[in-house]
Amino acid sequence: MNSDKIAHLLTASDISDLPETVKTHHLNPNVARHTKLLSDALGMNNLGIHLVRVESGKETTEFHFHQYEEEFIYIISGRGIAEIGDREIEVGAGDFMGFTAPSLPHGMRNPFEDDLVYLMGGERLAFDVADYPRQQKRNFRIHQKRQIVDWENITKA
């Protein structure tokens, strides 16, 4: 970041200079999100806000939904195919998706030639549960420690 940094502000130049990390997913080998951690750069703890780039042929995540955390996606450029519940919808620049907790399962892929770029954000609760219906798995997360359980092994009281 430049030497004239102002607290609570990332300039376009600052964002351009941020490193881009590749996020993968343990349940989907075709996931590759090139991510800039905007909120982390400002020391934010309760919200995660990320600038994401997805190359042609890649997916954003495994089809899932959260039990407790809400999340959103705002498309900046490019196009993608969003899966929301049992529907597939083409999305593009200016489109916004918001997922309550719990929500319909969702995911997105980029089958198009150009990169898909979007702003993604969500809560960072100490505890969350995410379900992966296609994998029939549940992810329990407590303070960043995760446990993946097959649905058949979940007992109900």
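Numbering starts at 1 and runs along the sequence shown. Values in this document were obtained by computation on a predicted structure and should not be read as measured data.
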**Message:** Under a 3.5 Å threshold, yes or no: a donor from one side chain and an acceptor from the other, between Glu59 and His25?
**Reply:** no
**Prompt:** Once you round to the nearest 0.5 Å, how far does NE2 of His34 lie from NZ of Lys36?
**Reply:** 12.0 Å
**Request:** Evaluate the criterion side-chain contact (heavy atoms from CB on, under 4.5 Å) for residue pair Val31 and Lys23; output intermediate values, then yes/no.
**Result:** CA-CA 8 Å; Val31 168; Lys23 302 287 186 178; 5.9 Å; no
**Request:** Spell out, yes or no, whether Val52 and Leu38 are grouped together once hydrophobic residues are joined by side-chain heavy atoms under 4.5 Å, including indirect joins.
**Result:** no
**Asked** Passes side-chain contact (heavy atoms from CB on, under 4.5 Å), Asn110 versus Lys58? Steps please.
**Response** CA-CA 6 Å; Asn110 179 8; Lys58 294 298 182 181; 5.8 Å; no
**Message:** Quick check: Tyr68 with Phe127 (ring centres under 6.0 Å apart)?
**Reply:** yes
Check: residues 80-94 side-chain donor-acceptor pairs under 3.5 Å, at least two apart:
residue : atom : partner : partner atom : Å
Glu83   : OE1  : Arg134  : NH2          : 2.5
Glu83   : OE2  : Arg134  : NH1          : 3.4
Glu88   : OE1  : Arg109  : NH2          : 3.1
Glu90   : OE2  : Arg79   : NH1          : 3.1

**Message:** Using the rule side-chain hydrogen bond (donor to acceptor under 3.5 Å, both in side chains), only one of Glu69, Gln147, His66 pairs with Arg141; which is it?
**Reply:** Glu69
**Prompt:** Same cluster or not: are Phe65 and Leu27 linked, directly or through other Ile, Leu, Val, Met, Phe, Trp or Tyr residues, by side-chain heavy atoms under 4.5 angstrom apart?
**Reply:** no
**Asked** CG/Leu37 to CD1/Ile49 distance, rounded to the nearest 0.5 angstrom?
**Response** 11.0 Å
**Complete:** Here the pair of heavy atoms bringing Phe112 nearest to Ser56 is O-OG, 2.6 Å
**Asked** Can you name the one residue among Thr21, Thr61, Leu116, Thr24 that meets side-chain contact (heavy atoms from CB on, under 4.5 Å) with Arg33?
**Response** Thr61
**Asked** Which value, rounded to the nearest 0.5 Å, describes the distance between Ile148 atom CD1 and Gln135 atom CD?
**Response** 10.0 Å
**Minimum-distance pair of heavy atoms, taken over all atoms of Pro133 and Phe63** = CD-O, 3.6 Å
**Prompt:** With no hydrogens and no angle check, is any side-chain donor or acceptor of Ser39 less than 3.5 Å from a backbone partner on Leu47?
**Reply:** yes
**Prompt:** Is it true that a side-chain atom of His106 and a backbone atom of Leu104 form a donor plus acceptor pair closer than 3.5 Å?
**Reply:** yes
**Item:** Residue pair Met108, Ile75: steps toward the side-chain contact (heavy atoms from CB on, under 4.5 Å) verdict
**Value:** CA-CA 11 Å; Met108 194 165 47; Ile75 309 293; 4.1 Å; yes
**Request:** Spell out, yes or no, whether Leu125 and Met120 are grouped together once hydrophobic residues are joined by side-chain heavy atoms under 4.5 Å, including indirect joins.
**Result:** no
**Message:** Check whether Asn28 reaches the backbone of Asn30 with its side chain - one donor and one acceptor, N or O, closer than 3.5 Å.
**Reply:** yes
**Phe96 reachable from Ile76 in the ILVMFWY side-chain graph, under 4.5 Å edges** = yes
**Request:** Look at the aromatic rings of Tyr132 and His64 and report parallel, tilted or perpendicular, splitting at 30° and 60°.
**Result:** tilted
**Message:** Side-chain heavy atoms nearer than 4.5 Å, only ILVMFWY residues, links allowed to pass through others: does that put Leu18 and Leu51 together?
**Reply:** yes
**From Gln136 atom CD to Asn153 atom CG, the distance as rounded to the nearest 0.5 Å** = 11.5 Å
**Message:** Is it the case that atom CG in Asp150 sees more than 12 heavy atoms from other parts of the structure closer than 6.0 Å?
**Reply:** yes
**Fill in**
CZ of Phe99 to CD of Glu70, rounded to nearest 0.5 Å, is 11.5 Å
